[in-house]
Asker: 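Provided herewith is a single structure, encoded as structure tokens, for subsequent inquiry.
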Amino acid sequence: MGQFAVIGLGSFGATVATELIGLKHDVIGIDSNKKYVENIADQLTHAVIADATDEHVLNELNIQNCDAAVVAIGEDIEASILCVLHLKNLGLKKIWVKAKSKAHHMILTHLGVTKIIHPEEDMGVRVAHSLSYPMVSRYMVLEDDHYIVKVQISESQNGLRFNQLMDQTDVRTLLHKRGKELLFSIDPNLILQTGDIIVVEGLIEPLRRLSKHFK
Ligand code: ATP
């Protein structure tokens with residue numbers, strides 16, 4: 001079980017905080033707005049109304065003893081940066097920060113935070129990918145154009161042999177799932193069924209070739 005601080009309890013911060021609680025971690029949530037703190041107080045280990053730009057407050061709350069802090073202050077970039085500076089001064093090693101703009105991102109890069117998050121942009125990219133490739137239910141970017149993708153088999157691929165689907169795509173299949181059964185080594189003659197799931201890995205061009213079977 002880890003200990004985390006979430007600073008800024010708007011919709012992003014509150015989601016991070018409650019998800020961490022769901023994963024059985026201790027979470028201290030901090031927000032300068034009483035209403036946001038009250039909304040979530042009963043779900044977190046501690047919830048505090050405080051100004052996170054005040055280093056003494058952060059010190060008193062022992063934030064430095066947390067495994068990591070997520071700074072989810074959005075609009076007030078100055079407050080976000082000050083808070084990060086204080087967390088660094090207090091010796092916190094893992095600091096994840098939500099960035100609102102390019103300038104904010106650049107400053108955070110110079111401050112040397114652990115991770116900079118752009119939730120709106122990331123979600124926008126995911127929505128665009130989902131609209132463009134509806135058979136992709138999840139994906140993960142390994143590098144710039146290298147992905148792991150979870151693909152759902154639908155009516156139009158039902159009855160296809162596995163190697164008919166994958167032939168000449170240069171995409172590697174990591175697993176096949178039917179119901180609760182997982183296969184890591186797949187028979188090329190396997191007949192695909194609606195509802196099957198395959199998880200594949202490959203570069204964007206080979207993945208595009210595979211996607212043509214889903215049109
Ligand atoms: P979201 O999209 O997550 O709802 P947002 O990006 O619109 O949020 P804001 O609403 O500006 O960002 O800030 C998120 C939270 O951070 C707010 O609940 C706000 O009260 C809180 N906050 C802002 N400044 C401070 C501060 N100095 N100390 C603590 N909390 C702060």
Side-chain angles (χ1 to χ4, degrees), residues 1-133 136-141 144:
M1 193 163 79
Q3 277 197 313
F4 296 96
V6 178
I7 300 169
L9 298 170
S11 47
F12 175 74
T15 306
V16 172
T18 50
E19 284 293 313
L20 285 168
I21 288 284
L23 294 166
K24 308 276 179 248
H25 298 296
D26 277 338
V27 177
I28 176 166
I30 301 167
D31 201 294
S32 51
N33 187 323
K34 187 174 169 219
K35 195 178 81 193
Y36 286 96
V37 176
E38 283 176 354
N39 277 347
I40 201 174
D42 57 345
Q43 297 174 59
L44 305 186
T45 320
H46 297 291
V48 184
I49 306 164
D51 181 359
T53 62
D54 185 338
E55 186 170 352
H56 299 295
V57 171
L58 297 174
N59 192 18
E60 272 173 26
L61 292 171
N62 283 322
I63 302 297
Q64 59 276 22
N65 294 338
C66 288
D67 297 308
V70 179
V71 180
I73 298 173
E75 298 298 334
D76 190 346
I77 293 176
E78 194 177 309
S80 162
I81 290 163
L82 265 178
C83 175
V84 169
L85 276 174
H86 296 327
L87 292 173
K88 288 195 85 78
N89 278 344
L90 290 169
L92 200 72
K93 293 276 179 297
K94 262 195 191 168
I95 307 174
W96 289 40
V97 191
K98 170 177 162 169
K100 205 69 189 180
S101 64
K102 275 206 175 119
H104 193 186
H105 186 114
M106 267 171 67
I107 296 166
L108 292 170
T109 307
H110 281 286
L111 291 179
V113 299
T114 316
K115 190 163 174 89
I116 305 171
I117 315 152
H118 292 270
E120 285 92 354
E121 279 175 35
D122 293 349
M123 189 44 80
V125 170
R126 282 182 185 272
V127 168
H129 279 238
S130 305
L131 284 171
S132 175
Y133 299 107
V136 171
S137 54
R138 294 246 166 146
Y139 71 90
M140 184 177 139
V141 185
D144 278 352

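Just follow the structure's listing: the first ligand is 1, and inside any ligand the first atom is 1. Heavy atoms only: backbone and side chains are in, while hydrogens, waters and symmetry mates are out.
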Asker: Between Thr114 (side chain) and Ile95 (backbone), is there a donor-acceptor pair under 3.5 Å?
Answerer: yes
Asker: So is Ala50 close enough to ligand 1, meaning a heavy atom under 4.0 angstrom away?
Answerer: yes
Asker: Suppose we measure from atom 3 (O) of ligand 1 to each protein heavy atom; which comes out shortest, and what is that distance?
Answerer: Phe12 N, 2.8 Å
Asker: Would Asp31 count as being in polar contact with ligand 1, using the rule that some N or O on each side must be under 3.5 angstrom apart?
Answerer: yes
Asker: Hey, is ligand 1 close enough to Ala52 that some N/O pair sits below 3.5 Å?
Answerer: yes
Asker: Counting heavy atoms only, which of Asp51, Ile77, Asp76 comes nearest to atom 27 (N) of ligand 1?
Answerer: Asp51
Asker: Tell me which protein heavy atom sits closest to atom 8 (O) of ligand 1, plus the residue, atom name and distance to 0.1 Å.
Answerer: Lys98 NZ, 3.7 Å
Asker: Of the protein's non-hydrogen atoms, which lies at the shortest distance from atom 14 (C) of ligand 1, and what is that distance?
Answerer: Ala72 O, 3.4 Å
Asker: Any heavy atom of Ile7 sitting closer than 4.0 Å to ligand 1?
Answerer: no
Asker: Should Ala79 be counted as touching ligand 1, given the test is an N or O pair under 3.5 Å?
Answerer: no
Asker: Under 4.0 Å, heavy-atom basis, I'd like to know which part of Tyr36 is in contact with ligand 1: side chain, backbone, both or neither.
Answerer: side chain
Asker: Could you pull out, from Ser32, Gly29, Ala14, the option with a heavy atom nearest to atom 25 (C) of ligand 1?
Answerer: Ser32
Asker: Counting only heavy atoms not in Gln43 (residues, nucleotides, ligands), do more than 12 fall under 6.0 Å from its CD?
Answerer: yes
Asker: side-chain hydrogen bond (donor to acceptor under 3.5 Å, both in side chains), that's the test. Do Gln3 and Asn65 meet it? Break it down for me.
Answerer: CA-CA 8 Å; Gln3 277 197 313; Asn65 294 338; over 6 Å; no
Asker: If I apply the N/O under 3.5 Å rule, does Gly74 come out as touching ligand 1?
Answerer: yes
